Participant: 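Quick one: the structure is below, and I'll ask about it shortly.
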Amino acid sequence: MIAITGATGFLGSNLIPKLKDKKVKCLVRKYIDNSKIDPVVGDINDTVSVNKLLKKTKVLIHLAAVIDSKNKKDYYKVNVQGTKNLIDSCKKNKVKRIIFVSSMASTKDYLDDYGKSKKEAEDLIKNSGLDYTILRPSFIYGKNSNSMKKMISFINSFKFIPIVGNGEYTLNPVHVDDVVKAIISCINSRKSIKKTYDILGRNEISFNEFINVISEKYNIQKRKIHIPIPICLVISSVGSILGPSFPLKKSFVLSLESKYKGTIASAERDLNYSPISFKEGLNK
Ligand SMILES: NC(=O)c1ccc[n+]([C@@H]2O[C@H](COP(=O)([O-])OP(=O)(O)OC[C@H]3O[C@@H](n4cnc5c(N)ncnc54)[C@H](OP(=O)(O)O)[C@@H]3O)[C@@H](O)[C@H]2O)c1
């Protein structure tokens with residue numbers, strides 16, 4: 001039996017159909033009627049439901065997380081405390097194997113609140129004594145991806161495309177199907193135990209190129225306007241006075257130029273990982 005947290009999210013809902021013949025139990029916050037899974041209703045911090053999830057389980061795939069919140073405390077509560085609660089319950093229920101989906105955001109020199117929480121969660125997993133594998137995807141995209149939907153509606157809400165700084169900082173978007181394949185490879189791979197893998201797309205692209213590929217795909221014909229970083233920092237500081245929902249956050253601006261240094265070499269070697277490029281993925 002495989003237990004999954006975060007099954008209702010973007011990554012989880014792409015993973016579940018690919019688990020085909022495997023028996024799956026999922027922690028869900030609201031009951032869902034899905035013949036493929038056995039739902040256990042509860043929160044990640046609720047010990048009773050987590051114990052129910054992990055009873056008679058062999059492998060835990062831990063995807064649940066807060067990735068975008070107006071309330072800083074949510075990152076710690078769900079991503080760190082929630083992970084600790086799962087680890088304790090794994091020990092109690094003798095679940096040895098855990099596959100944890102972290103993020104490349106945990107590897108940057110400048111860590112925002114999300115990155116900090118994922119790093120702390122990784123440390124808890126590494127020190128847990130469990131047979132762990134940590135996967136660190138970069139920006140995940142694919143059909144029905146919330147982040148991509150947000151990006152397009154953001155672009156559509158302006159007459160031009162506002163870009164923070166010169167847009168030459170890079171990212172390495174990964175298609176959700178590639179992340180799903182990496183998770184499935186880990187399930188039966190002894191080689192991946194006690195290892196951490198960067199799960200990136202085929203190639204690194206600048207943010208300017210990223211916008212060009214999206215514009216071409218969705219036929220958006222707008223000019224890019226580059227806003228210097230110091231001006232973005234002033235806008236984000238003023239915006240923060242307006243409230244936590246102001247979209248341009250200081251931590252986001254500061255984290256943009258802090259590059260993560262990832263490589264897919266270990267995943268290629270151990271997990272047969274072979275990702276597609278952003279252009280291919282967007283046209284999938
Ligand atoms: N999306 C990306 O670009 C990206 C990039 C790198 C790494 N990751 C990592 O990949 C994993 C999956 O991301 P995703 O894009 O699928 O995120 P998502 O769509 O936001 O889904 C998050 C999932 O976590 C669940 N969850 C949140 N708080 C919970 C709580 N208190 N108790 C139980 N479940 C809770 C949500 O349940 P509800 O449906 O009830 O809200 C949902 O199923 C995360 O660990 C994330 O850090 C994502």
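Ligands are counted one by one from 1 in listed order, and the atoms in each one are counted from 1 as well. Everything quoted here is computed from the prediction, not taken from an experiment. One is the number of the first residue; the rest follow in order along the sequence.
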Participant: Does any N or O of ligand 1 fall below 3.5 Å from an N or O anywhere on Gly9, backbone included?
Facilitator: yes

Participant: Mind checking whether Lys118 has a heavy atom under 4.0 Å from ligand 1?
Facilitator: yes

Participant: Check the orientation of Phe158 and Phe160. Use parallel for under 30°, tilted for 30 to 60°, and perpendicular for over 60°.
Facilitator: tilted

Participant: Verify whether the ring centers belonging to Tyr197 and Tyr273 lie closer than 6.0 Å.
Facilitator: no

Participant: Taking the six-membered ring for Trp, are Phe100 and Tyr132 closer than 6.0 Å centroid to centroid?
Facilitator: no

Participant: Do Arg29 and ligand 1 have an N or O pair less than 3.5 Å apart?
Facilitator: yes

Participant: Run the salt-bridge test on Glu122 and Arg136 with the 4.0 Å N-O cut-off and return the result as yes or no.
Facilitator: yes

Participant: Does Lys25 come within less than 4.0 Å of Asp38, counting only side-chain N to carboxylate O?
Facilitator: no

Participant: Compare Ile199, Asn14, Thr5, Leu11 and give the one whose heavy atom is closest to atom 16 (O) of ligand 1.
Facilitator: Leu11

Participant: I want to know if ligand 1 touches Asp43 in the polar sense, i.e. an N/O pair below 3.5 angstrom.
Facilitator: yes

Participant: Please say whether Leu63 places an N or O atom under 3.5 Å from an N or O atom belonging to ligand 1.
Facilitator: yes

Participant: Evaluate the side-chain proximity of Ser102 to Leu135: yes if any heavy-atom separation is below 4.5 Å, no if none is.
Facilitator: no

Participant: Heavy atom of Gly82 under 4.0 Å from ligand 1?
Facilitator: no

Participant: Against ligand 1, does Tyr141 come closer than 4.0 Å with any heavy atom?
Facilitator: no

Participant: In terms of side-chain geometry, is the basic nitrogen of Lys116 or Asp112 positioned less than 4.0 Å from the acidic oxygen of its partner?
Facilitator: no

Participant: Decide whether the shortest distance between a heavy atom of Ala105 and an atom of ligand 1 is less than 4.0 Å.
Facilitator: no

Participant: Just distances here: any N/O of Val66 and N/O of ligand 1 closer than 3.5 Å?
Facilitator: no

Participant: Report yes if some N/O of Val78 lies less than 3.5 Å from some N/O of ligand 1; otherwise report no.
Facilitator: no

Participant: Going by distance only, is there an N or O of Thr8 that falls short of 3.5 Å from an N or O of ligand 1?
Facilitator: yes

Participant: Is there any N or O on Ile44 that sits under 3.5 Å from an N or O of ligand 1?
Facilitator: yes

Participant: Determine, for Lys150 against Asp68, whether the closest basic-nitrogen to carboxylate-oxygen distance falls under 4.0 angstrom.
Facilitator: yes

Participant: Are any of the N/O atoms in Ala64 less than 3.5 Å from those in ligand 1?
Facilitator: no

Participant: Does Ser117 offer a backbone N or O that forms a donor-acceptor pair with the side chain of Glu120 under 3.5 Å?
Facilitator: no

Participant: Give yes or no for whether the N/O distance cutoff of 3.5 Å, strictly under, is met between Phe10 and ligand 1.
Facilitator: yes

